[in-house]
Structures are given as structure tokens and as C-alpha cells.
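Notes to accompany the following structure.
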Amino acid sequence: MLQQTQVATVIPYFERFIKRFPDVSALAAAEEADVLRLWEGLGYYRRARQLHKAAQVIMEQHSGDFPQSREAVHALPGVGRYTAGAILSIAFGTREPILEANTKRVLSRLLLYRGDPEKASGQQLLWRFAEDLLPRKNVGTFNQALMELGSEICSPRTPACQVCPVATLCPTHKYGLQDQIPARKRKPGVENVDEAVIVVRRGPCVLLRQRSEKERWAGLWDFPRFPLANCEAPPTCEQMAELICAATGLETTPTRLLTTLKHGVTRFRITLYCYEANYQNGVDRIIQPTAWLRVDEMKNFPLSVTGRKISQLVNT
DNA sequence: AAACCGTGGGA
DNA sequence: TTCCCAAGGTT
């Protein structure tokens, strides 16, 4: 959960998750949709599916005992070098280094490293330094302290060097280069995208589909959604009826534009026009699986954030 | 190597 | 409002 996600954001999710899945066995036995439902809103949903899969690997390949070798931990789905190092050092006291957002910044500044810490050469240097710094004992505490130093004191913008315990060792502080080290990561160009969502009603039900493996929000459920050629004004309800017919084979009677949502995801800034329509006839031929769900059933299905917002509009 | 994957908090 | 960034991993 903590991968690329701030601690304060994770805490309520962690509490709920661990209550529902108190151990590896419980998680391994869960339905993926239930795991995703508890993850809903955290983002990077691949992490949830990999964690679920990792629990199953532990049950099946490690007899339910969490592996303790570096190789076996690293081989778990979703566990890279950082996560393996964190687990091994914090949970098992193994002498393994870590390198993540906070410590990357701390170590870059201690080394006065002007290169890009994300590139291979920077990674190599910083991992090596993280290894060299490791104490003989209390490695887990040391690793956590280094992260905490980066988070609370050696912050990105205006680090609190006045209270930093290692300020006298820090050339970046000495030369006042805190705003240049580490090198800022270049931002990918933002792309504006227009999309339309349609809530097709059929009696007490609405049409949802599960997003496929290769799509964004894989495994989550969503209302049928279409890319729109960049438009100044939202399409008319009649145009939307044509779109959904072309995409699904369903004939509908368009009713109204429900709302317009703006949503940023990765490098895309999506303007989402949300329509409502009534089912007339036809059998949907959207790529499976799809489902006609009663409005009150949607709470049990994992939805994207925009999907959840729309579901609540439909609910009222 | 570089793109991709999500969302929300804070400046 | 906009921008940066977060206890990264995979392809």
C-alpha cells in the first residue's frame, strides 16, 4: 500500500484491510473483487492484485509461511528490491538496505549527487551507499529512521536543516544546494482527453462492465465509456445514443447529461461527460464480462473513483 | 530506457 | 488553480 503512496493516505485503508484479511491465509482465500473493493480509491490497483497473488503464492509454494530468503521474498509478485529490503530488515532484522523516495533524497544530498537518481548510474550509486551505511544491528530501525529523516526533515522543498542531526555531514546544506539536489524529475507532457460515460438504465438496473487486463483500472468495474474526438461542447444526447449503439449494439433512449467530471489520471487530464439513457432493446455485445446491476448492488463491486461518483448520482 | 499505472495532499 | 510528489514495480 505504501508504494508511491503517503503514509497518512494509507492508514485508514490499512486498518480496514487488515481487519478483513488478518493473515495471509485469509487474503489468499479472498475473491479478487473483494480485495479490490477494499483498495478502491488508493490507486495503482495492480498492487492489490499482486498482493493477493503473493498471498496465494505463499500458501501454495511456501506452505503458508512467509519466506525469509532474499530471493524468495523478491520473487513475490509486486515485491521489488525496495519492498524486499523493507520486509527483510524491518520484519526479520536481516541486514538489507532500502532505497525509496525519502532515502533517495537524503542520500543524494549527503553525496552531493547532481545526477538523476532515477537513472541506472544514480540507482547504482545510491544502493551502494545505502548498503555501506547499514549498521550491524537494528537495521530495521535504522532503515525506518532514514526514511523518517527524509520525510520529516530532509523534505523536498525547504528541508529543516537547522534541526537535522546530520547537517554537519551534508555538503548540500553546506553549499545551499537543497533546491537543486536531488535533480527534479522531468514531468511528462499533460494530455487533455474528452470521454463520455453512459449510464444505461433497465428497470432497477444499470449496465456495468469489468475493465480488462490490459486497460487502465484493470479488474475494476465501470460504466461504458467512450473516447471523444476533442470537442468544445459535449455531444448531444442523440449523438450519445448513436455511440453506445455502435459500441454495444444496445438501443437506448437518451435522457439527459447527468454531470461533467474532471479527473486526472497519470499524465491524462480527462473531461468526462456523463449521460443517462434508458434501455430499449438489443443484447449487449461489449467485451465480457458485463452485468446489469441493481443500483444497490454497486456498493459490492470495485469501481474507479469516477465510477463511484457516478454511481452515487444514480443512487439518488 | 522509458512508459505506464491512480489518487490525494500540500505548497 | 496548478504543480509537485508520494515507504515502486513491471513491461
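Chain A is the first sequence line, chain B the second, and so forth, proteins listed ahead of strands; every chain is numbered from 1.
Across all strands shown, Ala8(A) has no heavy atoms under 4.0 Å from either base or sugar-phosphate atoms.
Whole-Å rounding puts the Ile11(A) CD1 to dA6(C) P distance at 17 Å. Taking atom NZ of residue Lys53(A) and atom C1' of nucleotide dG9(C), one finds them 16 Å apart after rounding to whole Å. In this structure, Met1(A) atom CE and dA6(C) atom P are separated by 20 Å, rounded to whole Å.
Applying the side-chain hydrogen bond (donor to acceptor under 3.5 Å, both in side chains) test to residues at least two apart or on different chains, none of the pairs has a partner in residues 154-181 of chain A. Identified under the side-chain hydrogen bond (donor to acceptor under 3.5 Å, both in side chains) test for residues 28-46 of chain A, with sequence neighbours left out: Glu32(A)-Arg49(A), Arg37(A)-Glu40(A), Glu40(A)-Arg308(A).
Residues forming a side-chain hydrogen bond (donor to acceptor under 3.5 Å, both in side chains) with Gln124(A) (at least two apart in sequence, or on another chain): none. Qualifying side-chain hydrogen bond (donor to acceptor under 3.5 Å, both in side chains) partners for Ser304(A), counting only residues two or more places apart in sequence or in other chains: Thr306(A). Under the side-chain hydrogen bond (donor to acceptor under 3.5 Å, both in side chains) criterion, Glu131(A) pairs with no residue, sequence neighbours left out. In this structure, Phe129(A) has no ring-ring contact (aromatic ring centres under 6.0 Å, His included) partners at least two apart in sequence or on a different chain.
Contact between Arg105(A) and Pro182(A) at its shortest, heavy atoms only, is CG-CD, 3.6 Å.
Nucleotides dC3(C) and dG6(B) place their P atoms 22 Å apart, quoted to the nearest Å.
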Contacts under 3.5 angstrom, residues 88-99 of chain A side chains, donor-acceptor by atom type, not counting sequence neighbours:
residue  : atom : partner   : partner atom : Å
Ser89(A) : OG   : Gly85(A)  : O            : 2.8
Ser89(A) : OG   : Ala86(A)  : O            : 3.4
Ser89(A) : OG   : Asn143(A) : ND2          : 3.0
Thr94(A) : OG1  : Leu88(A)  : O            : 3.3
Arg95(A) : NE   : Pro135(A) : O            : 2.9
Arg95(A) : NH2  : Leu134(A) : O            : 3.0
Glu96(A) : OE2  : Arg70(A)  : NH1          : 2.6

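At least one cation-pi condition fails for Arg16(A) and Phe14(A): the charged atom is not both under 6.0 angstrom from the six-membered ring centre and inside a 45 degree cone around its axis.
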Output one letter per nucleotide in nucleotides 4-11 of chain B: B when a protein non-hydrogen atom lies under 4.0 Å from the base, S when only the sugar-phosphate is that close, - when neither is.
SBBB----

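One finds a salt bridge joining Glu215(A) and Arg209(A) here, because a Lys/Arg side-chain nitrogen approaches an Asp/Glu carboxylate oxygen to under 4.0 Å.
A heavy atom closer than 4.0 Å to some atom of DNA chain B occurs in no member of residues 130-145 of chain A. Contact check of residues 65-85 of chain A against DNA chain B (heavy atom, cut-off under 4.0 Å) returns no residues at all. Within residues 96-109 of chain A, the residues that place at least one heavy atom under 4.0 Å from DNA chain C are, in residue-number order, Glu100(A), Ala101(A), Asn102(A), Arg105(A).
Taking a 4.5 Å side-chain heavy-atom cut-off between Ile, Leu, Val, Met, Phe, Trp and Tyr, the cluster of Val190(A) contains only that residue.
Tyr275(A) places a side-chain N or O within donor-acceptor distance of the main-chain N or O of Pro235(A), the cut-off being under 3.5 Å.
At least one side-chain heavy atom of Cys164(A) sits under 4.5 Å from a side-chain heavy atom of Leu149(A).
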